[in-house]
Amino acid sequence: MYCIKKITNDLTWVGANDRRLAMFEGVYSVPYGVSYNSYLLCDEKNVLFDTVDKAVQHRFMENLAKALGNKKLDYLVVQHMEPDHSAAMREILFLYPDAKIVCNDKTLTMIKQFYDFDMDSRVHLVKENDTLNTGKHLLHFVMAPMVHWPEVMVTYDSTDKILFSADAFGCFGALNGALFADEVDFNKDYMHEARRYYTNIVGKYGTQAEALLNKAASLKIEIICPLHGFVWRRNIKDILSKYLLWSSYEPEEHGVMIAYASVYGNTENAAEILASQLRNKGVKTQMFDVSVTPASEIVSASFRWSHLVFASTTYNAGIFVTMEALIFDLAAHNIQNRTIAIIENGSWAATSGSLIRTHLEKCKNINFLENMISIKSGIKATQLSEIDLMAEALIATLPKSATVIKKESTPAASNIVQQETMFKLSYGLFVLTARDGDKDNGCIINTVTQITSSPLRISIAVNKANFTCDMISKTGKFNVSVLTESATFDIFERFGFHSGKNTDKFKGCDCNERAANNIRYVPKHTNAMISAEVAESIDYGTHILFIANVTEAFVISNEPSVTYQYYFDHIKPKPQTPKQGKKGFVCKICGYVHEGDELPSDFICPLCKHGVADFDPL
Ligand code: FEO
């Protein structure tokens, strides 16, 4: 029985899932299955984009028949000839004898290599920027060689702004009833599989993937339809930003991945001690036993983390077998732009360390830490200082903001803790601004404190839900604009009531001034500007405390600084008085009053956009 999904009025997913496949391409485990996506565009001419693997061919043919109904299939666009997308081609051409194959000349060569039947009379050859008018839709063909084979091309439907992206933006994992990435918690449940898919399948061809991203940058894309995994119709920037990092071999996160090969646990012991030292100093770590974890997981993690440590015993006068396979795999996937440290072990003639280095030296832009550790059989107390030195050397090459120490405390159960106590503290109010690439952003905070005067050092605590917090964690730089009593409520609305992830907080704002660090500040209704660079970060659960050195500071005016109390008394709109006899709910954030006996569970404050959790009954 068919199982199809509508994407738009004209476009239908007719692919299928496989959860029985043990090894994708014979080498990559797919514990969550895999989807083979095929799409049918119905217009005056009906177009099928790619087919599926032979394992799911039967279901696919049922799906296609259902989606087509009594319409005719006019074109089969072959974007990629790898058999997991072209296995059903012969069946399609047999069952739909009027269908023409749309492909480029390299694809045609491959079709002839894979199949024996004559297809010259049925081929419609296209090249870069050629178009195909299907009635309402105009399809543009864009060559994408080596993403992932040389014949690959993608197709852009300029009518509905859909990119049929072939292997790009694909993901391991069956679709499990969903089709769109926004139907699942993609970042939590699938980004790992998208990274593993990209890095292992396309990772070697970063330059070619970048070339495709550059071509895509000029297109307005509202939907991405890849050959594996979910269709993107929202938050497309999430996956695009990952591809920009992966294709340029830039790490996603500052931290240390430690991969070890250990026969009797002694090399593992050294790796564990190093990881423990790093964690004690606030560095994020991820560890893998290369004899247990599939190499595809470790290749993927190597693209994620900025710093890599390889710890291997010596075996047959070489690198231990599973580590050797991993090192070859990483070099084959063009890993680059990483800091690497090595630990070797050998009971009589340790060689694994120098051999690992020799192999990885062929990769571009690798910074090897010179203090390689060489263990004879087992780590001794006298060598702990070497591990300490390696931890310090790794930390020295990490940005300061990467050393985040988690601290948590809870009051004794018997003590009274009144939340209201905190309202007795006096706070100022500040616009905190940051810049990441071309993105400017800012938020309101009340937590700027001077710590020391020599050196001049301040601290700020920023809620981790704020996009500005992410930007500061990444860049280590920020500005503080000190608000004055003349500040108007719209400043708090602008910077405090929306997320910078979705909005440009500076749009329509006449504060174009930038400090020497090129980060914007707010020159009006403020009396001072402070620029600072993060020296240390401490994760306190909901907030990160940044301790930062002041790099620039100047006075803007002599108006008094606004306090939190002044804001509540004089700036924040007063709750409206409900009409006599009326019941209602007041927004704790901005004072808006919603009149009525009940507050709908999905109610959003029309003024500050906060939800029902921030409303109190009148
Ligand atoms: Fe799933 Fe390169 O194909």
Side-chain angles (χ1 to χ4, degrees), residues 7-8 10-15 37-52 73-82 84-86 88-89 92-93 96 98-114 119-170 202 205 207-228 231-232 236 240 243:
I7 298 172
T8 64
D10 300 338
L11 188 66
T12 306
W13 176 84
V14 291
N37 298 339
S38 172
Y39 304 95
L40 179 70
L41 181 70
C42 288
D43 199 353
E44 288 169 27
K45 300 283 183 192
N46 302 307
V47 184
L48 180 68
F49 291 90
D50 298 294
T51 69
V52 296
L73 182 65
D74 296 287
Y75 295 107
L76 166 63
V77 175
V78 182
Q79 302 190 114
H80 186 14
M81 261 312 286
E82 197 166 6
D84 56 333
H85 307 295
S86 65
M89 181 189 290
I92 293 287
L93 295 179
Y96 301 97
D98 294 333
K100 287 220 176 276
I101 302 171
V102 179
C103 67
N104 59 50
D105 54 355
K106 285 189 192 136
T107 311
L108 180 59
T109 303
M110 283 196 186
I111 296 175
K112 289 178 176 175
Q113 288 171 194
F114 278 102
M119 75 284 299
D120 283 336
S121 60
R122 300 189 62 173
V123 162
H124 175 88
L125 277 184
V126 293
K127 55 186 186 315
E128 180 80 5
N129 291 331
D130 276 358
T131 57
L132 179 67
N133 194 328
T134 63
K136 194 171 112 193
H137 295 262
L138 184 62
L139 305 178
H140 304 249
F141 301 102
V142 178
M143 303 303 123
M146 300 319 298
V147 188
H148 138 236
W149 279 16
E151 87 296 0
V152 170
M153 66 179 192
V154 301
T155 310
Y156 178 61
D157 173 359
S158 57
T159 308
D160 279 352
K161 305 191 174 33
I162 300 173
L163 180 68
F164 297 91
S165 62
D167 271 350
F169 309 110
V202 191
Y205 305 110
T207 310
Q208 291 84 349
E210 275 189 321
L212 176 59
L213 291 173
N214 286 337
K215 289 180 184 180
S218 63
L219 305 174
K220 182 162 173 36
I221 298 170
E222 292 181 356
I223 297 177
I224 297 179
C225 294
L227 286 177
H228 298 287
V231 170
W232 289 85
I236 286 176
L240 272 176
Y243 263 67

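We're numbering straight along the sequence, starting at 1.
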- prompt: Between D167 and H148, what is the shortest heavy-atom contact and its length?
  reply: OD2-ND1, 3.1 Å

message: With a 3.5 Å distance limit and no angle check, can you tell me whether Y39 reaches the backbone of P226 through a side-chain donor-acceptor pair?
response: yes

query: Do C225 and N37 pass the side chain to side chain contact (heavy atoms under 4.5 Å, CB included) test, and can you show the C-alpha distance, the side-chain angles, and the key distance before you say yes or no?
result: CA-CA 8 Å; C225 294; N37 298 339; over 6 Å; no

- prompt: Hey, does the side chain of S86 reach the backbone of M89 with a donor-acceptor pair shorter than 3.5 angstrom?
  reply: no

message: Show the nearest heavy-atom pair for residues N46 and L73, with the distance to one decimal.
response: O-CD1, 3.7 Å

message: Between C103 and L125, is there a side-chain heavy-atom distance shorter than 4.5 Å?
response: yes

task: Can you see which heavy atom on F169 is nearest to which on W232, and at what distance?
output: O-NE1, 4.2 Å

field: Test side chain to side chain contact (heavy atoms under 4.5 Å, CB included) applied to M153 and T107, step by step
entry: CA-CA 9 Å; M153 66 179 192; T107 311; 5.6 Å; no

task: Determine the minimum heavy-atom distance between A99 and L93, stating which atoms define it.
output: O-CD2, 4.1 Å

Residue pair D43 / H137: nearest heavy atoms and the distance that separates them: OD2-N, 2.8 Å

- request: Output yes when a side-chain donor or acceptor of S218 lies under 3.5 Å from a complementary backbone atom of N214, and no otherwise.
  value: no

Backbone of M110 reached by a side-chain donor or acceptor of E151 within 3.5 Å: no

task: Could you give me the CA-CA distance, side-chain angles and deciding distance for E222 and D160, then say whether side chain to side chain contact (heavy atoms under 4.5 Å, CB included) is met?
output: CA-CA 8 Å; E222 292 181 356; D160 279 352; over 6 Å; no

field: Whether F49 and F164 hold their rings parallel, tilted or perpendicular, with breakpoints at 30° and 60°
entry: parallel

message: Using 0.5 Å steps for rounding, measure from the CG atom of D130 to the NE2 atom of H124.
response: 7.0 Å

- prompt: Is there side-chain contact between Y96 and L48, with at least one heavy-atom pair below 4.5 Å?
  reply: no

- request: Fit a plane to each ring of Y156 and H140, take the angle between them on a 0 to 90° scale, and name the class: parallel (under 30°), tilted (30 to 60°) or perpendicular (over 60°).
  value: tilted

task: Answer whether the closest heavy-atom distance between the side chains of L132 and V126 falls below 4.5 Å.
output: no

field: Test item: L76 and V78 side chains (from C-beta on) under 4.5 Å apart, heavy atoms
entry: yes

Spacing of Y205 atom OH and L212 atom CG [to the nearest 0.5 Å]: 15.0 Å

- request: Output yes when a side-chain donor or acceptor of T159 lies under 3.5 Å from a complementary backbone atom of K136, and no otherwise.
  value: yes

query: V147 and A168: which non-hydrogen atoms are nearest, and at how many Å?
result: CG1-CB, 4.3 Å

query: Within a strict 4.5 Å, meaning less than it, do heavy atoms of the E44 and D74 side chains meet?
result: no

message: Rounded at 0.5 Å granularity, tell me how far OG in S165 sits from CD1 in I221.
response: 8.5 Å

message: Rounded to the nearest 0.5 Å, what separates atom SG in C42 from atom CG in L11?
response: 8.5 Å

query: Within the distance-only criterion (no hydrogens, no angle test), does the side chain of Y75 pair as donor or acceptor with the backbone N or O of K45 below 3.5 angstrom?
result: no

- request: Flag the pair V152 / Q208 as yes when at least one side-chain heavy-atom distance between them is below 4.5 Å, and no otherwise.
  value: no

message: Testing T12, L41, I223 one by one against I7 for a side chain to side chain contact (heavy atoms under 4.5 Å, CB included), which residue passes?
response: I223

field: Candidate pair H228 and D84, rule side chain to side chain contact (heavy atoms under 4.5 Å, CB included), full reasoning
entry: CA-CA 10 Å; H228 298 287; D84 56 333; 3.1 Å; yes

field: CD1-CD1 distance between I236 and I224, expressed to the nearest 0.5 angstrom
entry: 4.5 Å

message: Between K215 and M143 (side chain of the first, backbone of the second, donor and acceptor by atom type, cut-off under 3.5 Å), is there such a pair?
response: yes

query: Which distance, rounded to the nearest 0.5 Å, do you find between the CG of L227 and the OG1 of T51?
result: 9.5 Å

- prompt: Does some side-chain heavy atom of D120 sit less than 4.5 Å from a side-chain heavy atom of L108?
  reply: yes

query: Can you tell me if K100 uses its side chain to pair, donor with acceptor, with the backbone of V77 under 3.5 Å?
result: no

- prompt: Can a donor-acceptor pair be found between the side chains of H85 and D50 at a distance below 3.5 Å?
  reply: no

